[in-house]
2 protein chains.
Amino acid sequence: MTGRRDRKKAATRKALADAALELFLERGYDNVTVKEIAEAADTAIATLFAHFPAGKEALILDDSGEREASLTTAIRERPQGTSPLDALHAFFAGRAPFREDLPAEYRRRMDLILATPALWAYARTVWIACQDTLAALLAEAAGVDEPDDSLHVLARYVLETPDLASARPDRAAALAEAFAHLKRGWPAL
Amino acid sequence: MTGRRDRKKAATRKALADAALELFLERGYDNVTVKEIAEAADTAIATLFAHFPAGKEALILDDSGEREASLTTAIRERPQGTSPLDALHAFFAGRAPFREDLPAEYRRRMDLILATPALWAYARTVWIACQDTLAALLAEAAGVDEPDDSLHVLARYVLETPDLASARPDRAAALAEAFAHLKRGWPAL
DNA sequence: GTTAAAACTAGAACGGTTTCAGTTTCGGAA
DNA sequence: TTCCGAAACTGAAACCGTTCTAGTTTTAAC
């Protein structure tokens, strides 16, 4: 399953992502070209795009379903007596950029993303892409078969909230405010 | 004020926008290059970007503050006894892509936008850019001095709703559903 | 009529992305 | 062990949107 080939492939991918992060942190996202990244990782540009077909942004914001998985656990394994919306609030409040006490490594990375419009926009689209999954999870939590319009709307608002709250002076307060209103708007959850 | 120079400038701009729309409708947004558009309008590529610095998408989605103005009237001049949220609901329900009985000219254009991810995404960002304006309008309607987190959240959710509702099978129903929940979530409005 | 600003121009350059044809590397079947 | 085919990788070319540059034309104002 994990032969030499797969190990080498993973190594190439990691070399690319590492080189990209280092260069971005050093000189800023917009001042680094994919050619430089490929050279730093000692690969061809075509190889870079073979590993990250979603483009330059994906070098930093590697998705691979990790988001959907974390959302799923956040809802499915929430403490008893906790509403799905409270679980989601806690989920986001415990992550960057809302949680403050994170290792410097994470923080620098998040600061880069927050400071780079292209990266922040891409991060948002990756979260929004979870809308169907989240709507299904909410339906499950509500004991409904299929998510209807109402749950899709809620899922979208929830996933939009981090982007929105991050732009406010007090991010955590804005996040809490948003979830408070969502709870009022969807009292059944 | 409107001398020959301004008239010619406006003509050039219109020639570019017209050529773009015609070519896009004919062959699809992604199958038309800016070079072709410039040639069809008999201008240089540099001229195209001088008129539409926001890029290729702006050839179709010309902004120029028209959106903010229409939002402002929708809220300020709403019928007495109508809540701001009802006014916004009516505002969006009366526009493409929610209103169905529009001239074929508008419809083809909107179908193009809906069918082209780049255009649809750009349209969304232009609407989202009205967030501060809408938050201020909501504050004004609520008799508050400055919009707080709560109103900024609401403004964002409202502006996000058309994009969201358009992706649902019954657009108008999804729009209504979303506004119903927003009204519950912000009962003061 | 002169002048200066503004519109326009052609062409080069840049950066992200795709494509292509060809090479190397490896896993698995024979 | 050998050999075959798939997969990773490569360099180079091409494409497209966008910006830049240096220079030309047009027009408004004095």
Side-chain angles (χ1 to χ4, degrees), chain A residues 1-21 23-24 26-64 116-122 125, chain B residues 1-21 23-24 26-63 116-123 125:
Chain A
M1 190 61 46
T2 57
R4 197 200 324 275
R5 176 172 276 173
D6 300 85
R7 253 177 289 132
K8 285 202 174 180
K9 189 179 175 183
T12 301
R13 186 190 179 81
K14 186 170 186 316
L16 285 165
D18 288 352
L21 179 58
L23 288 171
F24 291 161
E26 193 180 327
R27 319 213 311 259
Y29 180 82
D30 293 315
N31 301 318
V32 178
T33 67
V34 292
K35 183 164 167 252
E36 290 172 315
I37 299 170
E39 278 167 5
D42 199 28
T43 66
I45 294 183
T47 304
L48 184 154
F49 283 103
H51 280 276
F52 298 92
K56 193 182 173 188
E57 297 93 351
L59 284 161
I60 294 300
L61 292 154
D62 200 2
D63 191 21
S64 73
T116 309
L119 287 176
W120 189 245
Y122 182 70
T125 70
Chain B
M1 191 59 46
T2 58
R4 198 198 324 274
R5 175 173 276 172
D6 300 86
R7 255 178 288 133
K8 286 203 175 180
K9 189 178 174 184
T12 301
R13 185 189 180 82
K14 186 169 184 318
L16 284 165
D18 288 351
L21 179 57
L23 287 171
F24 290 162
E26 192 180 327
R27 318 212 313 256
Y29 179 83
D30 293 315
N31 301 317
V32 178
T33 66
V34 291
K35 183 165 167 250
E36 290 172 316
I37 298 169
E39 277 167 5
D42 199 27
T43 66
I45 294 184
T47 304
L48 184 154
F49 283 102
H51 279 277
F52 297 92
K56 193 183 173 187
E57 296 93 351
L59 284 160
I60 294 299
L61 291 154
D62 200 2
D63 192 21
T116 309
L119 287 176
W120 189 244
Y122 182 70
T125 69

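All values reported here derive from a predicted model rather than from experimental measurement. Naming: A, B, ... by sequence-line order, numbering from 1 per chain.
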Tell me, which of residues 34-47 of chain B have any heavy atom that sits under 4.0 Å from an atom in DNA chain C? Asp42(B), Thr43(B), Ala44(B), Ala46(B), Thr47(B)
Could you check if a side-chain atom of Leu48(B) sits within less than 4.5 angstrom of a side-chain atom of Lys56(B), using non-hydrogen atoms only?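 They are not in contact (no side-chain heavy atoms under 4.5 Å apart), so the answer is no.
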Are side-chain heavy atoms of Phe24(B) and Ile37(B) found at a separation under 4.5 Å? yes
Atom pair distance, as rounded to whole Å: [atom1] in [X] and [atom2] in [N]:
{"X": "Leu119(B)", "N": "dG17(D)", "atom1": "CG", "atom2": "C1'", "value": "14 Å"}
{"X": "Asp30(A)", "N": "dT19(D)", "atom1": "CG", "atom2": "P", "value": "12 Å"}
{"X": "Asp6(B)", "N": "dT26(D)", "atom1": "CG", "atom2": "P", "value": "17 Å"}
{"X": "Leu48(B)", "N": "dC16(D)", "atom1": "CG", "atom2": "P", "value": "15 Å"}
{"X": "Lys56(A)", "N": "dC16(D)", "atom1": "NZ", "atom2": "C1'", "value": "17 Å"}

Distances for protein N or O near nucleotides 2-4 of chain D N or O, under 3.5 Å:
none

Under the side chain to side chain donor-acceptor pair (under 3.5 Å) rule, what pairs show up with a residue in residues 38-47 of chain B, not counting sequence neighbours?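 Residue pairs passing side chain to side chain donor-acceptor pair (under 3.5 Å), neighbours aside: none found.
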Considering residues at least two apart in sequence or located in another chain, which fulfil the side-chain hydrogen bond (donor to acceptor under 3.5 Å, both in side chains) criterion with Lys35(B)? none
Would you say dA7(C) has OP1 or OP2 under 4.0 Å from some side-chain N or O of His51(B)? no
Under-4.0 Å side-chain N/O to phosphate OP1/OP2 contact, Thr12(B) with dA7(C): no
Say you draw a straight line from CD of Glu57(A) to OH of Tyr29(A); how long is it, rounded to the nearest 0.5 Å?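 Reported value, rounded in 0.5 Å steps: 3.5 Å.
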Contacts under 3.5 Å, N or O only, protein and nucleotides 23-26 of chain C:
from: dT25(C); atom 1: O2; to: Arg5(A); atom 2: NH2; distance (Å): 2.9
from: dC26(C); atom 1: OP1; to: Lys8(A); atom 2: NZ; distance (Å): 2.5
from: dC26(C); atom 1: O2; to: Arg5(A); atom 2: NH2; distance (Å): 2.9

Nucleotide N/O of nucleotides 12-14 of chain C paired with protein N/O under 3.5 Å:
none

Return the nearest nucleotide to the side chain of Phe49(B); candidates are dT17(C), dA7(C), dT19(D). dT19(D)
